[in-house]
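One structure is given here, and the rest of the page talks about it.
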Amino acid sequence: MMTELTAEAWADALELYRYSYTSVSVVRREHEEWWLDAAAIMRGRTSDPRGWRSLDPDEDEDERRDDPLFPFAEAPTTPEDVVRFRQRVTELPRSAVQSLVVVLGIPGLEVAKAADFGRDRPEMERRARLILSRFRHGTRFYSNVGWKTESPDFYEQPVRLTDPFSRYGWDAGLIAVNDAEVAMIWYFDPT
């Protein structure tokens with residue numbers, strides 16, 4: 001049975017990312033070109049339209065105070081930027097999204113190296129389903145992660161290939177887009 005999605009349930013679901021360097025933000029979709037809404041997330045100039053919790057691990061860091069875009073390297077602002085960013089992601093089928101949402105909460109993004117994954121998997125998947133319940137059918141999902149099959153299982157296929165959006169050499173994420181909201185769940189690896 002699915003828990004009703006409330007502010008409290010959403011906050012609990014975001015606990016999926018308590019041990020990883022992952023940001024989670026949702027904004028109201030205000031532009032036909034949704035990349036402009038994603039750019040607002042990247043710049044940290046947004047708040048959740050429902051007033052619900054967001055995760056920003058750099059919120060009080062000096063780097064963010066010096067540069068509101070940190071840790072992202074850039075954000076699309078022009079039509080040319082949008083074209084470039086569009087080429088850096090691939091649409092992910094909804095059937096593959098849950099495993100990516102879970103994996104974005106595992107440091108190193110590799111299930112095989114997560115010692116307690118077998119024990120923790122049911123709870124992680126419950127939280128992932130709660131997060132995804134916010135994004136009704138018809139939502140489109142995009143990722144900068146490469147994959148090999150038509151509908152990948154990120155438990156079986158470790159995240160190895162990404163097109164980084166950050167100042168770090170490696171990051172991976174998911175963008176959810178529908179008519180009402182745009183969300184980014186983004187994992188950073190500063191090593």
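Positions are given from 1, in the same order as the sequence printed here. Computed from a predicted structure; not experimentally measured.
Taking the six-membered ring wherever Trp is involved, the centroid distance between the rings of F165 and F85 falls below 6.0 Å.
Taking the centre and axis of the six-membered ring of W10, the NZ or CZ atom of R134 falls inside the cone set by 45° and 6.0 Å.
Salt bridge status for D48 with R53: absent, with no side-chain N to carboxylate O gap under 4.0 Å. A salt bridge is absent between E181 and R28: the closest approach of a Lys/Arg side-chain nitrogen to an acidic carboxylate oxygen does not fall below 4.0 angstrom.
Note on ring orientation: taking the six-membered ring where Trp is involved, the planes of F188 and Y21 are tilted (angle from 30° to 60°).
Checking side-chain atoms of R65 against main-chain N and O of D60 turns up a donor-acceptor pair under 3.5 Å.
For the residue pair D163 and D171, the shortest heavy atom distance occurs at O-OD1, 4.4 Å. For the pair A75 and A39, the tightest heavy-atom approach, listed with the atom from each and the gap, is CB-CB, 3.9 Å. For the pair Q98 and L132, the tightest heavy-atom approach, listed with the atom from each and the gap, is CA-CD1, 3.7 Å.
Residues forming a side-chain contact (heavy atoms from CB on, under 4.5 Å) with R121 (at least two apart in sequence, or on another chain): F117, E125, Y155. By the ring-ring contact (aromatic ring centres under 6.0 Å, His included) test, W34 pairs with Y142, sequence neighbours left out.
More than 12 heavy atoms of other residues, nucleotides or ligands sit less than 6.0 Å from atom CG of D66.
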Quiz item: Passes ring-ring contact (aromatic ring centres under 6.0 Å, His included), Y168 versus F72? Steps please.
Solution: CA-CA 8 Å; Y168 303 123; F72 291 100; 9.9 Å; no
